[in-house]
There are 2 protein chains.
Amino acid sequence: MIDENLLEQFGAGIIFIKKGDVLFEEGDTAKYFYQIKSGEVKMNNYNDEGKEFIQSIFAVGSCFGEPPLFIDKPYPANGVAILDSEIYAIAKEAFFKLLFVHPEAHLSMTVNLAQRLYFKSVMASEISSQEPEHRILKLIDYFKETVSKLKPADRYKVELTRQQIADLTGLRVETVIRSIKALEKKGFLTIEDRKVYR
Amino acid sequence: MIDENLLEQFGAGIIFIKKGDVLFEEGDTAKYFYQIKSGEVKMNNYNDEGKEFIQSIFAVGSCFGEPPLFIDKPYPANGVAILDSEIYAIAKEAFFKLLFVHPEAHLSMTVNLAQRLYFKSVMASEISSQEPEHRILKLIDYFKETVSKLKPADRYKVELTRQQIADLTGLRVETVIRSIKALEKKGFLTIEDRKVYR
DNA sequence: TTACTGTTATGATTTGGGTCATAAAGTGCT
DNA sequence: AGCACTTTATGACCCAAATCATAACAGTAA
């Protein structure tokens with residue numbers, strides 16, 4: 001989201017983390033701004049019974065975990081690498097200085113937050129009040145449109161596992177599997193070689 | 001969120017709406033920045049079966065409905081007055097100019113978005129993976145802490161109706177009523193004269 | 001007072017998604 | 001090739017929350 005040269009210019013370091021490594025945990029104090037140079041990161045929670053909920057998945061170029069920097073609250077979720085990754089990290093103070101000196105970077109941050117708030121709004125309404133099939137379709141369309149930047153007419157291969165879809169929608173794997181089958185039967189998507197296309 | 005003098009200085013108008021009046025609808029193009037001078041506003045969705053989901057409730061001093069301004073997308077939900085209200089409205093262009101000329105206002109906008117994203121994260125995880133009683137308690141604590149700015153030790157009177165709690169948590173009124181009773185029995189809150197205290 | 005509306009309340013019944021069990025297909029590693 | 005692990009898949013059963021029905025109470029407008 002923020003120009004990489006700018007990040008380096010303001011003293012960004014690079015953190016190397018392997019798949020499964022934890023960058024920060026729920027409750028930790030936020031001290032750095034993070035942006036993905038390569039790899040992929042998720043933010044998640046576990047409920048009392050140990051069930052995972054994935055807040056979001058962040059890909060190359062995305063920044064994440066800034067809200068706590070702005071509002072001086074601890075992280076509301078864990079940050080975990082889902083692929084081996086390189087992460088730009090820049091200290092809170094340097095980050096604020098960067099925003100102050102570069103209003104255009106500040107604006108792109110704001111736009112980014114607005115974008116994520118928008119996604120959360122859509123998913124919140126889905127999760128709370130729609131049937132599994134509806135939820136899953138909405139999530140897939142969101143990833144197709146926003147993450148992969150494809151048009152509705154394009155053919156999109158869903159790279160999420162059934163388990164990830166479950167954790168993103170608050171459903172169970174079995175329910176996701178069954179719903180996806182039902183959606184295929186209804187013609188909303190196709191399954192080829194166990195992969196979902198939409 | 002933004003200083004009222006500043007709003008007026010940049011040509012803000014005031015809109016008078018009565019309880020129940022709709023300010024904008026899901027799908028509308030966002031053209032104005034809104035901030036509450038008096039009254040209260042909610043943003044909501046209706047699912048296919050007509051069940052309401054309340055995204056948030058905004059009180060005096062809060063702004064709302066900005067994300068679509070920043071990302072050029074239509075409103076993801078309706079904006080409806082829940083009390084007779086006076087709303088500052090300022091055109092999109094003037095709003096951006098204001099942010100550009102007043103970086104401190106821009107920062108407070110960013111902080112505000114971060115705050116809301118934080119709330120959405122917490123509630124998303126709650127809604128998707130916790131039991132009714134847990135969800136309700138979290139919501140009440142959020143309102144106590146963030147909307148009413150009270151300390152945990154303070155006594156807080158919940159001004160939300162059971163129906164509103166249901167629509168905010170994605171539950172049904174009956175479930176909310178029964179859960180609140182159960183929570184009282186367990187000593188997590190008290191009910192006096194049908195009002196909930198925490 | 002009555003009539004009306006919104007909110008809280010409670011019991012009976014139903015059902016959709018969770019849970020549990022089990023297995024097959026695919027993937028990666030030695 | 002063999003082994004361990006992950007992902008997808010399916011059937012059977014269960015249960016918590018939704019649904020349906022009904023009513024009492026509070027507030028307020030006529």
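Here is the naming used below: chain letters follow the sequence lines, and residue numbers restart at 1 for every chain.
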- request: Show the numbers, then the answer: is there a side chain to side chain contact (heavy atoms under 4.5 Å, CB included) between A:Ile14 and A:Tyr88?
  value: CA-CA 5 Å; A:Ile14 295 182; A:Tyr88 286 109; 4.0 Å; yes
Between CD of B:Glu192 and P of D:dC25 the distance, given in whole Å, is 19 Å
note: B:Glu131, atom CD; C:dG17, atom P; distance rounded to Å ~ 18 Å
Ranking B:Lys181 and A:Arg172 by the position along DNA chain C of their nearest nucleotide, the one closer to 5' is B:Lys181
B:Ser179 and B:Glu133: side-chain donor and acceptor closer than 3.5 Å?
no
Taken to the nearest whole Å, CD1/A:Ile191 to C1'/D:dT7 is 13 Å
Hey, is the side chain of B:Thr175 poking within less than 4.0 Å of OP1 or OP2 on D:dA17, counting only N and O atoms?
-> no
By nearest-nucleotide position on DNA chain C, the 5'-leaning member of A:Val176 and B:Ile180 is B:Ile180
When rounded to whole Å, the CD1 to P distance for the pair B:Ile177 and D:dA18 reads 12 Å
- Between B:Gln115 and A:Lys73: side-chain donor-acceptor atoms closer than 3.5 Å: no
From CG of A:Leu160 across to C1' of D:dT6 the rounded distance in Å is 16 Å
Taken to the nearest whole Å, CD/B:Glu174 to P/C:dG11 is 13 Å
Closest heavy-atom pair, B:Met123 versus B:Leu168, reported as atoms and distance to 0.1 Å, is CE-O, 4.4 Å
Taken to the nearest whole Å, CZ/A:Arg178 to P/C:dT15 is 18 Å
In whole angstroms, the gap separating P of D:dA16 from CD1 of B:Ile136 amounts to 16 Å
- Query: For the side chain of A:Arg162 and the base of D:dT10, is some donor closer than 3.5 Å to an acceptor across the two?
  - Reply: no
